[in-house]
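Note sheet for the following structure.
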Amino acid sequence: MLTASSMELLSMVVFKEKSEEVISRLLKLGLFHPVDIRNINKELKDLSPLEIEKEHGEWEAIEITLREILRKLNLALYHDASKDITSFSYAEIKGTLSDVENKLAPLVDQRDELLEELKTKESILSQIKEYFPLPIKRDSFYTFLEVALGKIEEKNIQPLERSLKGIPYLIYPLGRQEQAKEVVLVIGLRRDRALIDKILKDLSWEKIEYPQEMQELPADVEKKIRAQIEDCRKKLEDTQSQMKDLAQSSKSRLSSIQSFIILKKTLLEAKRYSCATEKTVILSGWVPREDKEKVIREIKKIDRSFYIEGKNAEEIGIPKEDIPVRLQHSPFFKPFELLVDSYGLPRYGTVDPTIFVAMSFLLMFGAMFGDLGQGLVLALAGLFLRRSKKEGVRQSSILIFYCGISAAIFGVLYGSVFGFEFPSLWMRPMSNVMEFFKLSIYFGIGIISLGIIINIINALRDKDYIKAVFDKAGLIVGVIYWLVIAVVSKYLASKTPASPLFIGLIGAGLFMLFLKPVIGLISRKNKENILMSFMESTIEIFEIFIGYLSNTVSFMRIAAYAVTHASLFLAIFELSRALKGAGFIVIILGNIMIILLEGLVASIQSIRLNYYEFFSKFFMAGKQTFKPLTTQVKE
């Protein structure tokens with residue numbers, strides 16, 4: 001748990017015809033992080049990669065087609081990597097998708113047409129309801145409607161309806177004839193005026209001038225439009241029902257196809273890292289050391305003649321930054337990986353700080369935000385957010401829950417619930433201000449010291465002994481820091497001056513730091529001018545002194561925000577007493593404000609102290625996380 005999983009580079013030579021089966025088995029295991037061996041072993045750089053671009057493009061196109069079908073069917077499919085995946089040929093999948101598309105296309109077209117028709121009919125109805133029943137006037141009277149009154153031969157009414165089908169319209173026969181022609185009222189939208197005029201002209205339309213006296217539009221015009229809208233809605237419901245039936249009948253097969261496409265694309269992605277000879281394929285990748293035998297055993301089940309070779313990551317001779325990192329944490333510590341990942345990925349072979357961050361973050365947050373009631377509110381908020389389907393939100397919700405519990409525990413220690421005091425189990429920030437500042441400083445000294453120790457361990461693991469001793473967070477600086485802390489603490493406690501022994505040890509440590517350029521010159525790690533190196537050492541020692549002082553003092557903010565948190569309660573209670581009638585409301589709103597504002601501030605400060613005062617002492621970043629081959633789709 002204190003370091004990432006140890007890795008081994010596993011290389012296997014398999015027959016071409018069985019390469020896909022091998023990769024499929026690796027996918028199921030989910031323990032193989034593929035790499036291109038040509039980038040690691042220069043002797044193999046002339047090997048040819050597998051040609052997959054054309055095949056990958058074909059499956060990419062198939063996947064796009066499937067996604068478009070699922071979108072049109074409003075069908076959400078969830079891939080379950082734990083289930084067996086049905087195999088299909090490319091032709092089978094293409095044929096199935098073509099069949100579904102052929103059935104779906106006319107339904108989609110019909111649905112879109114009905115939606116457009118419904119929209120325009122409702123638009124006409126809204127305009128008619130705005131203006132009618134009113135006396136009919138010249139069409140220029142209406143802002144959005146085109147209204148035409150005229151005569152047309154009865155045989156031309158159906159052609160008129162067909163011609164107007166592409167636009168919103170209403171044809172209303174007035175039920176009387178003049179000169180063997182039907183008197184008709186045509187209503188459309190003003191935007192389609194030119195098209196309507198052209199169609200009417202082509203069908204021998206005879207315009208009738210509006211009479212001078214006012215005439216009411218027949219009362220059943222609105223009724224007719226409503227009937228058309230209702231008929232349109234019924235057709236739309238029927239079309240959507242057919243689409244739903246198609247979705248349900250196709251769901252199982254489309255789900256199987258989706259899983260197979262994911263498998264196929266993952267296989268092709270794995271092949272990108274493979275090299276080929278005339279008859280064999282070379283697969284290489286990182287495997288956790290504890291899972292190496294399991295992987296070899298499963299691959300040997302396919303063919304025992306396969307050649308498999310494993311090498312420790314440390315033996316390969318590549319930079320440790322390039323080795324993938326697999327962090328191992330229990331479910332309790334898993335959410336705190338979010339805080340570490342935000343800063344960077346711990347380099348392979350270094351101490352993983354996640355556990356230390358978990359403890360320090362919760363202690364600092366609880367100390368700054370200590371209140372039983374507000375802590376329980378935060379915990380409940382975390383439990384509520386836990387219901388989210390997004391993995392990131394779920395992990396964040398657990399963090400919020402932990403913060404709430406920590407704040408509630410400190411609230412019991414402080415004797416505070418929503419600002420109301422009860423007998424404390426420890427002490428109150430406002431009553432023991434100086435004690436809190438002192439404890440914050442000593443807590444900070446502990447965190448900084450832990451950072452120094454981790455840095456020394458990392459350097460020893462890398463066999464960089466000069467760094468372990470002379471680094472700005474190395475052994476010498478650490479000893480000087482601890483001696484200075486001891487001297488200052490003794491003087492503040494008893495006004496006793498530092499003993500000559502301590503002063504001598506501090507001086508010896510500083511002298512050894514000045515010798516760093518000489519050590520570098522002897523070990524041939526320092527190629528600069530020796531005088532320049534001594535000048536740089538002097539400046540570096542001064543920077544180290546200032547840096548450690550500011551790092552230590554920075555932890556005073558824990559006490560400062562704990563006092564601020566209590567002070568805000570005092571301000572709220574004073575305001576509630578001033579506003580007697582609304583005092584209870586002020587207390588509620590004040591607590592909400594403190595939870596939102598102070599909760600955010602406490603979180604930021606806890607993260608900041610970890611990043612700048614703790615991580616800065618030892619953290620070395622890696623380049624990539626361990627990403628094994630798998631068909632599991634991440635949320």
Side-chain angles (χ1 to χ4, degrees), residues 1 76 78 80-82 327-343 352-426 429 558 561-562 564-566 568-569 572 584-611 632-635:
M1 290 177 68
Y78 299 97
D80 187 354
S82 63
L327 300 178
Q328 303 178 93
H329 296 117
S330 65
F332 177 85
F333 291 107
K334 196 75 176 172
F336 294 97
E337 290 181 10
L338 295 173
L339 300 180
V340 178
D341 288 344
S342 297
Y343 188 85
D352 174 13
T354 304
I355 294 175
F356 305 116
V357 169
M359 293 186 291
S360 63
F361 179 81
L362 291 179
L363 285 171
M364 288 188 285
F365 182 90
M368 287 187 275
F369 195 75
D371 185 271
L372 176 59
Q374 293 184 347
L376 292 177
V377 169
L378 271 186
L380 290 172
L383 290 176
F384 176 78
L385 292 173
R386 186 79 176 87
R387 299 159 58 188
S388 173
K389 293 181 179 179
K390 295 182 178 179
E391 180 63 21
V393 175
R394 285 205 299 268
Q395 294 297 329
S396 299
S397 71
I398 298 173
L399 269 180
I400 295 172
F401 175 77
Y402 289 163
C403 288
I405 296 299
S406 177
I409 292 171
F410 272 90
V412 173
L413 296 175
Y414 294 166
S416 173
V417 54
F418 293 118
F420 295 99
E421 294 185 348
F422 61 88
S424 64
L425 295 183
W426 186 33
I558 299 174
Y561 283 105
T564 301
H565 191 240
L568 285 172
F569 282 127
I572 288 168
F584 187 66
I585 296 174
V586 170
I587 292 174
I588 293 175
L589 294 177
N591 270 276
I592 293 173
M593 180 199 72
I594 291 175
I595 290 172
L596 296 175
L597 178 63
E598 197 71 11
L600 179 63
V601 169
S603 300
I604 292 172
Q605 294 304 324
S606 300
I607 292 171
R608 185 209 172 281
L609 288 170
N610 270 298
Y611 285 177
Q632 186 67 50
V633 178
K634 291 187 177 181
E635 296 176 30

**OP:** Would you please name every residue forming a side chain to side chain contact (heavy atoms under 4.5 Å, CB included) with A381, sequence neighbours left out?
**Re:** none

Original post:
Who passes side chain to side chain contact (heavy atoms under 4.5 Å, CB included) against E421, sequence neighbours left out?
Top reply: R428

Original post:
Out of curiosity, L600 CG to L596 CG, how far, rounded to the nearest 0.5 Å?
Top reply: 9.0 Å

Original post:
E598: what forms a salt bridge (Lys or Arg N to Asp or Glu O under 4.0 Å) with it, not counting sequence neighbours?
Top reply: none

**OP:** Could you grab the distance from atom CG of L383 to atom CD1 of I398, nearest 0.5 Å is fine?
**Re:** 10.0 Å

**OP:** Would you check if L399 and L339 make a side-chain contact, meaning some heavy-atom pair closer than 4.5 Å?
**Re:** yes

Original post:
Can you name the side chain to side chain contact (heavy atoms under 4.5 Å, CB included) partners of L385, sequence neighbours left out?
Top reply: S397, I400

Subject >> Pairwise side-chain contact, F569 with N591, heavy-atom cut-off 4.5 Å (strictly under) >> reply: yes

**OP:** Determine the minimum heavy-atom distance between L378 and G404, stating which atoms define it.
**Re:** CB-CA, 3.7 Å

**OP:** State, to 0.1 Å, how close F401 and A379 come at their nearest heavy-atom pair, and which atoms those are.
**Re:** CD1-O, 3.4 Å

**OP:** Would you name the heavy atoms of P353 and V340 that are closest together and state the gap between them?
**Re:** CG-CG1, 4.3 Å

**OP:** Would you list the pairs meeting side-chain hydrogen bond (donor to acceptor under 3.5 Å, both in side chains) in which at least one residue belongs to residues 402-413, sequence neighbours left out?
**Re:** none

**OP:** Answer yes or no: are there more than 12 heavy-atom neighbours, outside F422 itself, under 6.0 Å from its atom CZ?
**Re:** yes

Subject >> Minimum-distance pair of heavy atoms, taken over all atoms of G375 and A407 >> reply: CA-CB, 3.8 Å

Original post:
What distance separates S396 OG from E391 CD, expressed to the nearest 0.5 Å?
Top reply: 9.5 Å

Original post:
Is the closest side-chain heavy-atom distance between D352 and H329 below 4.5 Å?
Top reply: yes

Original post:
Do I405 and I409 touch side chain to side chain, with heavy atoms closer than 4.5 Å?
Top reply: yes

Original post:
So how far is it from H565 NE2 to F410 CZ, rounded to the nearest 0.5 Å?
Top reply: 13.0 Å

**OP:** State, yes or no, whether a side-chain contact exists between Y561 and Q605 at a heavy-atom distance under 4.5 Å.
**Re:** yes

What donor-acceptor contacts under 3.5 angstrom involve side-chain atoms of residues 356-371, with partners at least two apart or in another chain?
unit_1 : atom_1 : unit_2 : atom_2 : d
S360   : OG     : F356   : O      : 3.0
S360   : OG     : V357   : O      : 3.3
S360   : OG     : N610   : OD1    : 2.8
S360   : OG     : N610   : ND2    : 3.4
D371   : OD1    : G373   : N      : 3.1
D371   : OD1    : Q374   : N      : 2.9
D371   : OD1    : F418   : N      : 2.8
D371   : OD2    : S416   : OG     : 2.5
D371   : OD2    : F418   : N      : 3.0
D371   : OD2    : G419   : N      : 3.1

Subject >> Enclosure of I585 CD1 (heavy-atom neighbours >12, cutoff 6.0 Å) >> reply: no

